[in-house]
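Notes follow once the structure below has been shown.
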Amino acid sequence: MTLISTQKLTFEEYLDYQGESGVCYELYRGNLIEIPTPTGINIKICQFLVYQFRRFFAAHNLPLVAVVTTAVRTEENSSRVPDVVICTRLLWEQVCAQPGSAVLDFEEKPLLVIEVTSQNWRDDYIRKRAEYDLIDILEYWIVDPNLRKIRVCSRPDNEGSYSHQEFLPGQQVRSVQFAEFILSVNEVLSGPLVEDLIREEEAQRQQLEQQVERLTQRLREMGVDIDTEV
């Protein structure tokens, strides 16, 4: 945890803070903290998770979004920046319409947040877990590429404090809130590039179109008027 200065900031001052271009900052009890530049594997994992969540939400017609670089206020003068934030579409549109930094305030609660561990991994397991629990975020994932595991923190029956489950390579990780959202731990930790997934889906789409075209041609050869409206 790298403190930027000894002068403490209020939450409102944090919102207006103009730091170094391209650098992201958190606020912890008034202390401004520079977030380390993410590693390549961290970026790859985040891109994969965002892609999979977005596909799931679209397939199930859920009015939810998966976004990155969005802060969440956790205490009076604290604001964290999870690697991935899941919230309602309406809430995200409200944030986009607001001037200034993209920060979810106390009343703008995300449904799920994800941290991919790096050199400040102790914060993810201890401090951030306590803060996310305190503001009643129902689900918190800790993806740990170094220890090769995923920890899912949640509240049984939405009561009490966080308990957690850990998922290891060879297992499947499942969201508590979205029971049908299931991913292979191996894929999350060492998965394909999103670009390759998109390319594969495009190839499947083209193959399906070709099959439909061949079937249509065959029906026409058999004398079936497929253009006739019933």
Side-chain angles (χ1 to χ4, degrees), residues 1-3 9-11 14-15 24-36 38 42 45-46 49-50 52-53 56-57 62 64-92 94-95 101-147 149-167 173-179 181 183 185 188:
M1 182 169 67
T2 304
L3 300 182
L9 301 180
T10 66
F11 178 73
Y14 165 75
L15 294 179
C24 192
Y25 300 91
E26 290 184 327
L27 187 70
Y28 179 64
R29 297 181 178 174
N31 296 301
L32 197 63
I33 303 168
E34 179 180 341
I35 298 178
N42 284 42
I45 289 172
C46 291
L49 289 170
V50 167
Q52 294 294 349
F53 270 108
F56 178 82
F57 296 152
L62 296 174
L64 304 174
V65 297
V67 294
V68 297
T69 322
T70 301
V72 178
R73 188 178 187 180
T74 58
E75 295 180 356
E76 185 64 26
N77 290 316
S78 294
S79 180
R80 297 298 192 175
V81 185
D83 290 297
V84 179
V85 171
I86 306 297
C87 65
T88 66
R89 179 176 177 177
L90 177 60
L91 176 55
W92 180 238
Q94 290 173 351
V95 171
S101 303
V103 181
L104 302 181
D105 211 331
F106 287 138
E107 67 275 9
E108 301 168 328
K109 191 184 308 178
L111 299 174
L112 186 154
V113 295
I114 299 173
E115 297 279 5
V116 181
T117 63
S118 55
Q119 56 261 51
N120 59 340
W121 59 269
R122 291 180 182 83
D123 284 349
D124 298 328
Y125 279 100
I126 302 172
R127 285 181 177 153
K128 292 184 181 182
R129 171 183 168 133
E131 291 176 51
Y132 295 148
D133 193 7
L134 181 65
I135 61 172
D136 298 326
I137 295 178
L138 296 180
E139 190 169 348
Y140 168 40
W141 289 25
I142 305 172
V143 180
D144 195 327
N146 293 319
L147 295 182
K149 65 179 182 179
I150 300 174
R151 175 176 291 188
V152 175
C153 304
S154 64
R155 290 195 179 98
D157 302 320
N158 296 337
E159 296 180 358
S161 58
Y162 279 158
S163 60
H164 69 262
Q165 289 181 285
E166 291 194 344
F167 301 88
V173 58
R174 181 193 302 264
S175 168
V176 174
Q177 297 179 82
F178 312 109
F181 184 78
L183 295 175
V185 173
V188 175

Measuring only between side-chain heavy atoms, which start at C-beta, is [X] closer than 4.5 Å to [Y]?
X	Y	answer
Tyr28	Arg127	yes
Val113	Val84	no
Ile150	Glu166	no
Val72	Ile135	yes

Roughly how far apart are [X] [atom1] and [Y] [atom2], rounded to 0.5 Å?
X	Y	atom1	atom2	value
Arg80	Leu104	CZ	CG	15.0 Å
Asn77	Leu32	CG	CG	12.0 Å
Glu131	Ser78	CD	OG	5.0 Å
Ile86	Thr70	CD1	OG1	10.5 Å

Nearest heavy-atom pair of [X] and [Y]: which atoms, and what distance?
X	Y	result
Cys46	Val116	SG-CG2, 3.7 Å
Tyr14	Val103	CE2-CG2, 4.4 Å
Cys153	His164	SG-CB, 3.9 Å
Gln119	Pro36	NE2-CB, 3.3 Å
Val68	Val50	CG1-CG2, 3.8 Å
Val65	Thr88	CG2-O, 4.1 Å

Pairs flagged by salt bridge (Lys or Arg N to Asp or Glu O under 4.0 Å) wherever residues 68-78 is involved - sequence neighbours left out: Arg29-Glu75, Arg73-Glu76, Arg73-Asp105

Step-by-step side-chain contact (heavy atoms from CB on, under 4.5 Å) determination, Leu27 to Thr10: CA-CA 9 Å; Leu27 187 70; Thr10 66; over 6 Å; no

All side chain to side chain contact (heavy atoms under 4.5 Å, CB included) counterparts of Ile35, not counting sequence neighbours: Cys24, Glu26, Val81

Arg122: salt bridge (Lys or Arg N to Asp or Glu O under 4.0 Å) partners, not counting sequence neighbours: none

Presence of salt bridge, Asp136 and Arg155, under 4.0 angstrom: yes

Residues forming a ring-ring contact (aromatic ring centres under 6.0 Å, His included) with Phe181, sequence neighbours excluded: Phe53, Phe56

Pair Tyr25-Ile33, side-chain contact (heavy atoms from CB on, under 4.5 Å): steps then yes or no: CA-CA 5 Å; Tyr25 300 91; Ile33 303 168; over 6 Å; no

Partner set under side chain to side chain donor-acceptor pair (under 3.5 Å) for Ser79, not counting sequence neighbours: none

Partner residues of Ser118 under the side chain to side chain donor-acceptor pair (under 3.5 Å) criterion, sequence neighbours left out: Asn120

Side-chain donor-acceptor contacts of residues 137-145 below 3.5 Å, not counting sequence neighbours, with atom names and distances?
| residue | atom | partner | partner atom | Å |
| --- | --- | --- | --- | --- |
| Glu139 | OE1 | Ser175 | OG | 3.2 |
| Glu139 | OE1 | Val176 | N | 3.4 |
| Glu139 | OE1 | Gln177 | N | 3.1 |
| Glu139 | OE1 | Gln177 | NE2 | 3.2 |
| Glu139 | OE2 | Trp141 | NE1 | 2.8 |
| Glu139 | OE2 | Ser175 | OG | 3.1 |
| Glu139 | OE2 | Val176 | N | 2.9 |
| Tyr140 | OH | Asp124 | O | 2.7 |
| Asp144 | OD1 | Thr117 | OG1 | 3.2 |
| Asp144 | OD1 | Asn146 | N | 3.1 |
| Asp144 | OD1 | Leu147 | N | 3.0 |
| Asp144 | OD2 | Tyr125 | OH | 2.7 |

Tyr132 and Tyr162 aromatic centres sub-6.0 Å: no

Derivation of the side-chain contact (heavy atoms from CB on, under 4.5 Å) call for Val188 and Ile45: CA-CA 6 Å; Val188 175; Ile45 289 172; 4.1 Å; yes

Crowding at CD, Gln165 (>12 non-hydrogen neighbours, <6.0 Å): no

